[in-house]
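Shown next, in structure tokens, is the structure this report addresses.
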Amino acid sequence: MAFGQVVIGPPGSGKTTYCNGMSQFLSLIGRKVAVINLDPANDALPYDCAVNIEDLIKLSDVMNEHSLGPNGGLVYCMDYLEKNIDWLQSKLEPLLKDHYLLFDFPGQVELFFLHSNAKNVIMKLIKKLSLRLTAVHLVDAHLCSDPGKYVSALLLSLSTMLHLELPHINVLSKIDLIESYGKLAFNLDFYTDVQDLSYLQDQLDQDPRAAKYRKLTKELCDVVQDFSLVDFTTLDIQDKESVGNLVKLIDRTNGYIFAGVESSAVEFSKIAVRPVDWDYYRVAAVQEKYMKDDENFGNDI
């Protein structure tokens, strides 16, 4: 049994930087890490990858040979990878005994809520290699400063969760830059906990372009809240404490915390009754660290 992460998210959300930083952190705490690059468009890797999809297929070759654009080329590459899953399986098998796996996927969001190729690749690996994987979905934290973009991020996160059917963690990445595009209308926990989204409506109504879509926005927000699945944790990949908190959360979702534990109810219960690290206090600490204190700013929901 091997454990790992499926790292996904829109372009620019920091997936490759995340894989680089996470691999370094895990190595520091004593885990052997193997990074698997499955993004055929990523030709400037900051990390040493154990497996690289470019050894199988290159996006530039696909685009030239089949006269495809980058989006169509990526879909083709994922389809080709699915058909050649035995190649990937053979590359991974030597790593399973003692490595923790990080899968760096492309940033084309359609691959994870519209097309089935990427999901099929993941599911086949889980079945054939007995992998225990958690999907880590990165969303740029600055989207919280724009109500419309935040709602879009919620819909993308929900769609991806439902499509992939994996243990799933949504992450507001680059939390250290959260106010680089303006101050937030509410406290940070409003965005991480996905609280009453009706409060966003007043913010959206201030934008003439969004006001005419008021009814549509309300219905979309209702869909997110009816499922009640989406929430976020935060990440500053350069901060060891922030990365460590995320690793603890991932280890709970993919079962890594139980690795090596004797299969007895007593041993499992010891882990289950450990002190709880309440998210509320962690989010409050993040807000205090990265968001400017302004008595005229912030609404307490």
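Just so we're clear, the structure is a prediction, and the values are computed from it rather than from any experiment. Sequential numbering from 1 along the given sequence is applied to the chain's residues.
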field: Side-chain donor-acceptor contact under 3.5 Å, N187 with Q287
entry: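 Side chains of N187 and Q287: pair found under 3.5 Å.
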Pair D231-T192, side-chain donor/acceptor within less than 3.5 Å: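 No, no side-chain donor-acceptor contact under 3.5 Å.
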- request: Give a yes or no on whether the backbone of P10 and the side-chain of S13 come within a donor-acceptor separation of less than 3.5 Å.
  value: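 Indeed, once roles are kept as given, a pair shorter than 3.5 Å links the two residues.
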field: side-chain hydrogen bond (donor to acceptor under 3.5 Å, both in side chains) against T253, all qualifying residues, sequence neighbours excluded
entry: T134
May I ask you to test the [X]-[Y] pair for a side-chain heavy-atom distance under 4.5 Å?
| X | Y | value |
| --- | --- | --- |
| V139 | F232 | yes |
| F3 | L131 | no |
| L155 | V224 | yes |
| L129 | Q89 | yes |
| N170 | T233 | no |
| V62 | C77 | yes |
| D236 | E241 | no |

With sequence neighbours excluded, what pairs up with [X] under the salt bridge (charged side-chain N to carboxylate O under 4.0 Å, His left out) test?
| X | result |
| --- | --- |
| D226 | none |
| D251 | R31 |
| D55 | none |

- request: Quick one: list whatever passes ring-ring contact (aromatic ring centres under 6.0 Å, His included) with Y100, sequence neighbours left out.
  value: Y256
task: Output all residues satisfying ring-ring contact (aromatic ring centres under 6.0 Å, His included) with Y191, sequence neighbours left out; order by chain, then residue number.
output: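 Scan of Y191 (ring-ring contact (aromatic ring centres under 6.0 Å, His included), adjacent residues dropped) gives Y150.
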Side chain to side chain contact (heavy atoms under 4.5 Å, CB included) partners of Y181, counting only residues at least two apart: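 In terms of side chain to side chain contact (heavy atoms under 4.5 Å, CB included), with neighbours along the sequence ignored, Y181 is linked to H142, S145.
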Hydrophobic cluster partners of L59 (side-chain heavy atoms under 4.5 Å): M63, L74
query: What salt bridge (charged side-chain N to carboxylate O under 4.0 Å, His left out) pairs are there with at least one residue in residues 132-154, not counting sequence neighbours?
result: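 Non-adjacent pairs meeting salt bridge (charged side-chain N to carboxylate O under 4.0 Å, His left out): D140-K174.
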Residue pairs, two or more places apart or on separate chains, that pass salt bridge (charged side-chain N to carboxylate O under 4.0 Å, His left out) and touch residues 91-101: K32-D98
task: Write down the atom of S242, the atom of L235, and the distance for their closest heavy-atom approach.
output: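 Closest approach of S242 to L235: OG-CA, 3.3 Å.
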Compile the donor-acceptor pairs under 3.5 Å between side chains in residues 108-123 and protein atoms, sequence neighbours left out, one pair per line.
residue, atom, partner, partner atom, Å
Q108, NE2, N71, O, 3.3
N117, ND2, D79, OD1, 3.3
N117, ND2, E82, OE1, 3.0
K119, NZ, H163, O, 3.0
K119, NZ, E165, OE1, 2.9
N120, ND2, E82, OE2, 3.0
N120, ND2, S116, O, 3.2

- request: Can you run down the ring pair (Phe, Tyr, Trp, His ring centres under 6.0 Å) pairs that involve residues 43-68, sequence neighbours left out, and say none if there aren't any?
  value: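 Applying ring pair (Phe, Tyr, Trp, His ring centres under 6.0 Å) to every pair that reaches into residues 43-68, excluding sequence neighbours, yields H66-Y76.
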- prompt: Around atom NZ of K128, are there more than 12 heavy atoms of other residues, nucleotides or ligands at under 6.0 Å?
  reply: yes
- request: Could you check D86 against K124 for salt bridge (Lys or Arg N to Asp or Glu O under 4.0 Å), going step by step and ending with a plain yes or no?
  value: CA-CA 10 Å; D86 291 340; K124 288 179 180 179; over 6 Å; no
